**Student:** 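Sending over a structure as structure tokens; questions will come in a sec.
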Amino acid sequence: MKKTLSVGMCLALLLTACAPSASSSPASQAPAQSGSGTQSAAPTQSSEAGTGEKKVYTLTGKTDSNDGPWKDMYLFEYVQEKFGFDLEITEIPGSVWNEKINIAFATNEYPDFFLNGLTETDRQTYGSQGIILDLNSYITPEITPNIAGIYQKYPELKAATQSYDGHLYHISGYDKTNIREYAQTRFFINKKWAENLGVKVPTNLDEYYTYLKAVKDGDADGDGNTDDEYPISGSFENDPSSILTPVLAAYGYALSFSTRTETTYVDVKDGKVIYVPIEDNFKEILAYMRRLYQEQLLDNEFFTQSKDQRDAKIASGKVAAFCDNAQWLQMTDPALYSQWDGLEPMTSDVNQTKVWPAHDVKMLGQFAITDKCSDPVDLLRFADWCFTQEAYLIHLGGYEVGTVPGREGGYVLEHLDASYGENAIRMNFTVPAEYPNESKWREATLSPGWASIPVNRSEFTMVESSENELALNDAINNNYTPYYKVGWPSSTKFSAEEIDELSLIRADLDPYLRQMVSKFIAGEESLDNFDQFVQGCKDRKLDRYLEIYQTAYDRRK
């Protein structure tokens with residue numbers, strides 16, 4: 001195989017020598033965009049310049065179903081041209097990510113670097129083995145001037161990125177100025193339907209039930225059919241806590257999501273870490289959800305349908321209430337999605353304080369380098385560039401209108417006065433006709449899903465201009481940001497030993513919890529057995545689980 005590769009490389013070099021110059025490629029035509037005020041990235045010449053060869057780095061990234069092929073995306077075209085190296089990209093869908101990554105590490109087939117996807121457990125586990133590099137020694141004004149400058153100005157970002165023992169196994173960007181992004185999840189409800197049905201927009205759980213019942217029994221959308229609306233829908237497999245979040249918040253709980261499909265189910269009350277599923281109130285929450293399920297106010301396919309099936313239902317405009325990152329992700333027609341808005345956190349008989357789960361530090365993307373990388377300093381030029389305003393603009397909008405031959409659309413950058421904020425800018429998009437909005441266009445052709453690279457949004461204010469982003473701003477800032485509550489601080493770190501022990505406990509505890517929650521809600525398990533469920537959690541070393549969390553929380557304080 002090595003001989004075959006050598007022959008292939010020789011042929012590639014011959015072809016390269018005969019090929020048109022790289023300056024004719026679309027990426028080379030990208031404009032020199034305005035900087036962020038931080039130092040510029042290292043010189044764009046590869047360390048192999050002058051030898052006739054380019055370095056090749058292997059990259060693995062976690063992809064979303066909306067992503068187009070990464071190799072065709074403008075971001076990666078631009079990066080390869082700018083830094084003078086080539087990227088061999090492996091994309092792994094989120095649905096099989098954990099399985100594929102475990103195999104990659106076990107078989108020694110992992111890449112030079114990762115963009116997003118790795119968990120804190122992955123980084124700590126393989127970092128302690130030397131597979132994922134500790135980047136601390138590289139974060140200097142000479143090697144990574146932009147990252148070093150941001151870490152010095154915002155030490156909370158470095159602290160949140162570092163591991164328990166101070167190692168830096170990945171680089172993450174920082175979203176300090178966009179307060180909407182601190183919402184752990186977003187809940188949307190069709191307020192127009194409430195008006196059509198003559199019921200109140202819910203402020204508490206009783207009114208929420210009344211609203212959902214009216215949707216189920218009435219003709220909410222006025223199409224003459226009373227049987228085609230879903231009061232609530234979601235996917236338990238892909239987003240287990242989505243339907244529970246608004247109800248948990250009504251009881252005063254603010255759960256933390258380590259990933260979209262993984263919830264810690266811990267909260268902090270008066271300095272004490274609690275496991276919400278064994279709280280007495282959780283039995284009442286299950287009873288409430290069970291009632292919704294039995295009366296088909298909760299989609300009875302919630303426990304069996306895939307994310308794609310759930311998305312299709314939302315896209316049809318027939319789901320009254322759902323959790324998602326934005327109300328327009330599936331519904332792209334403004335006349336339709338504008339009916340859905342955020343909802344101020346509801347209250348309940350036991351809690352009159354409005355709360356909504358929030359991040360304590362909002363990090364963007366991740367960049368992790370492995371011991372396979374032959375030249376970390378060379379590759380870190382890319383990571384350091386990610387912290388510039390130029391990188392942010394390219395990741396978000398690609399290129400300015402008319403500057404890249406062969407590519408349609410683009411943005412026009414507008415610099416605003418100080419009344420909008422420090423270094424305020426606005427991107428006015430022209431989206432190619434085949435895409436409904438800039439988000440769909442970006443993910444298909446410009447760059448992967450938002451914050452897949454460690455972009456930095458702490459040195460400027462981005463003023464939204466597009467209709468869908470403004471609608472999302474209003475939905476979150478008017479309804480959730482005033483009630484943010486940090487439950488479990490996501491920047492809390494565990495030691496490698498603690499992570500190993502927690503992983504073993506969760507391997508037993510989490511499946512049991514998911515199984516019992518689904519059975520309680522679906523009516524397959526009597527709520528009279530709630531005490532046995534609590535004991536089942538304790539039998540699976542829950543007390544030790546909470547002890548580890550409490551130790552980490554106290555240590556962080």
Side-chain angles (χ1 to χ4, degrees), residues 60-70 72-73 90-101 115-117 119 184-190 215 221 227-246 257-263 289 292-293 296-334 336-337 339-340 434-452 468 472 510-511 514-515 517-518 521-522:
T60 294
K62 182 178 180 180
T63 64
D64 185 84
S65 57
N66 294 322
D67 284 354
W70 283 25
D72 297 330
M73 288 184 170
T90 299
E91 304 167 34
I92 301 179
S95 59
V96 295
W97 172 266
N98 290 336
E99 174 190 353
K100 296 291 186 181
I101 288 302
L115 285 180
N116 84 44
T119 65
Q184 285 269 11
T185 191
R186 294 87 181 265
F187 178 56
F188 302 101
I189 194 167
N190 193 313
V215 171
D221 59 1
D227 297 323
D228 62 348
E229 292 96 350
Y230 297 90
I232 319 172
S233 191
S235 173
F236 190 63
E237 177 183 357
N238 293 280
D239 200 359
S241 292
S242 61
I243 60 166
L244 280 172
T245 298
F257 300 83
S258 50
T259 68
R260 187 164 180 78
T261 58
E262 184 177 294
T263 307
M289 298 306 302
L292 300 185
Y293 185 89
Q296 296 185 336
L297 307 183
L298 167 61
D299 185 355
N300 280 190
E301 294 182 330
F302 172 73
F303 294 107
T304 57
Q305 68 186 355
S306 67
K307 180 179 182 297
D308 288 343
Q309 290 171 313
R310 168 259 193 198
D311 288 351
K313 287 178 179 177
I314 294 175
S316 72
K318 297 292 186 179
V319 180
F322 59 87
C323 284
D324 208 338
N325 287 327
Q327 68 271 55
W328 40 261
L329 285 181
Q330 317 308 330
M331 298 175 286
T332 54
D333 180 0
L336 183 61
Y337 73 67
Q339 298 177 42
W340 277 261
E434 62 266 37
Y435 301 103
N437 56 52
E438 70 274 12
S439 295
K440 297 291 187 184
W441 171 49
R442 179 180 68 243
E443 293 171 1
T445 69
L446 298 180
S447 63
W450 177 239
S452 56
N468 57 324
L472 181 59
D510 285 4
R514 289 173 64 93
Q515 178 188 47
V517 166
S518 63
I521 293 176

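We number each residue from 1, following the sequence as shown. All of these numbers come straight from a predicted model, not from anything done at the bench.
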**Student:** Does the side chain of Ser235 come within less than 4.5 Å of Gln309's, by heavy atoms?
**Tutor:**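 Not touching, per the 4.5 Å side-chain cut-off.
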
**Student:** Would a 4.5 Å heavy-atom cut-off, applied to side chains only, mark Asn468 and Leu472 as touching?
**Tutor:** no

**Student:** Parallel, tilted or perpendicular: which one describes the rings of Phe236 and Phe303, with boundaries at 30° and 60°?
**Tutor:**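 Rings of Phe236 and Phe303: perpendicular, over 60°.
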
**Student:** Under a 3.5 Å distance rule, please check whether Asp324 uses its side chain to pair with a backbone N or O of Gln327 as donor and acceptor.
**Tutor:**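 Not confirmed, Asp324 side chain does not pair with Gln327 backbone.
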
**Student:** Measuring from atom CZ of Phe322 to atom CZ of Phe187, what distance do you get when rounded to the nearest 0.5 angstrom?
**Tutor:**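 If we round to the nearest 0.5 Å, Phe322:CZ and Phe187:CZ are 9.5 Å apart.
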
**Student:** More than 12 foreign heavy atoms under 6.0 Å from NZ of Lys318: is that the case here?
**Tutor:** yes

**Student:** Which value, rounded to the nearest 0.5 Å, describes the distance between Asn98 atom CG and Thr119 atom OG1?
**Tutor:**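 One gets 7.5 Å once the value is rounded to the nearest 0.5 Å.
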
**Student:** Could you measure the distance from the CG atom of Asn116 to the OG1 atom of Thr60? Nearest 0.5 Å is fine.
**Tutor:**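 Output value for this atom pair is 11.0 Å.
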
**Student:** Can you measure from CG (Asn300) to OH (Tyr230) and round to the nearest 0.5 angstrom?
**Tutor:** 10.5 Å

**Student:** How many angstroms lie between atom CD of Gln339 and atom CG of Asp221, to the nearest 0.5 angstrom?
**Tutor:**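 Nearest 0.5 Å value for the CD-CG distance: 8.5 Å.
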
**Student:** For side chain to side chain contact (heavy atoms under 4.5 Å, CB included), just list the numbers for Leu446 and Glu438, CA-CA rounded to whole Å, side-chain angles, deciding distance to a tenth of an Å, and then say yes or no.
**Tutor:** CA-CA 10 Å; Leu446 298 180; Glu438 70 274 12; over 6 Å; no

**Student:** Determine, stepwise, if the pair Ser316 / Gln330 fulfils side-chain hydrogen bond (donor to acceptor under 3.5 Å, both in side chains).
**Tutor:** CA-CA 8 Å; Ser316 72; Gln330 317 308 330; over 6 Å; no

**Student:** Rounded at 0.5 Å granularity, tell me how far CG in Asp67 sits from CD in Glu91.
**Tutor:**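 The CD atom of Glu91 is 7.5 Å from CG of Asp67, to the nearest 0.5 Å.
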
**Student:** Side chains of Phe302 and Ile243: does their closest heavy-atom pair fall under 4.5 Å?
**Tutor:** yes

**Student:** Is the backbone of Val319 close enough, under 3.5 Å, to the side chain of Trp340 for a donor and an acceptor to pair up by distance?
**Tutor:** yes

**Student:** Distance only, no hydrogens: is a donor on one side chain within 3.5 Å (strictly under) of an acceptor on the other, for Gln305 and Ser233?
**Tutor:**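 Yes, side-chain donor-acceptor contact under 3.5 Å.
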
**Student:** Are any side-chain N or O atoms of Lys440 and backbone N or O atoms of Thr332, one a donor and one an acceptor, separated by less than 3.5 Å?
**Tutor:** no

**Student:** Would you call Leu298 and Pro231 a side-chain contact if the rule is heavy atoms closer than 4.5 Å?
**Tutor:**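 A side-chain contact is absent here, since even the closest heavy-atom pair is not under 4.5 Å.
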
**Student:** Treating Asp299 as the side-chain partner and Gly234 as the backbone partner, does any N or O pair qualify as donor plus acceptor under 3.5 Å?
**Tutor:** no

**Student:** In terms of side-chain geometry, is the basic nitrogen of Glu301 or Lys313 positioned less than 4.0 Å from the acidic oxygen of its partner?
**Tutor:**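 Looking at Lys313 together with Glu301, the answer is yes, because their closest N to O distance falls below 4.0 Å.
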
**Student:** Show the nearest heavy-atom pair for residues Tyr435 and Ala444, with the distance to one decimal.
**Tutor:**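 In terms of heavy atoms, the two residues are closest at CE2-CB, 3.7 Å.
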
**Student:** Could you walk me through whether Lys62 and Ser452 pass side chain to side chain contact (heavy atoms under 4.5 Å, CB included), step by step?
**Tutor:** CA-CA 8 Å; Lys62 182 178 180 180; Ser452 56; over 6 Å; no

**Student:** Taking 4.0 angstrom as the limit, do Asp311 and Lys307 come out as a salt bridge?
**Tutor:**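 Answer for the salt bridge query: yes.
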
**Student:** If we ignore hydrogens and angles and just use 3.5 Å, is the side chain of Trp328 paired with the main-chain N or O of Tyr337 as donor and acceptor?
**Tutor:**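 Side chain of Trp328 to backbone of Tyr337, a donor-acceptor pair under 3.5 Å: no, none is there.
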
**Student:** Closest approach of Gly317 and Leu336, non-hydrogen atoms and distance?
**Tutor:**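 Closest approach of Gly317 to Leu336, heavy atoms only: CA-CD2, 4.1 Å.
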
**Student:** Could you check whether any side-chain N or O of Thr445 sits under 3.5 Å from a backbone N or O of Arg442, counting only pairs where one atom can act as donor and the other as acceptor?
**Tutor:** no

**Student:** Could you tell me whether a side-chain N or O of Trp70 sits under 3.5 Å from a main-chain N or O of Ser447, the two making a donor and an acceptor?
**Tutor:** no

**Student:** Going by heavy atoms in the side chains, are Ile92 and Ile101 under 4.5 Å from each other?
**Tutor:** yes

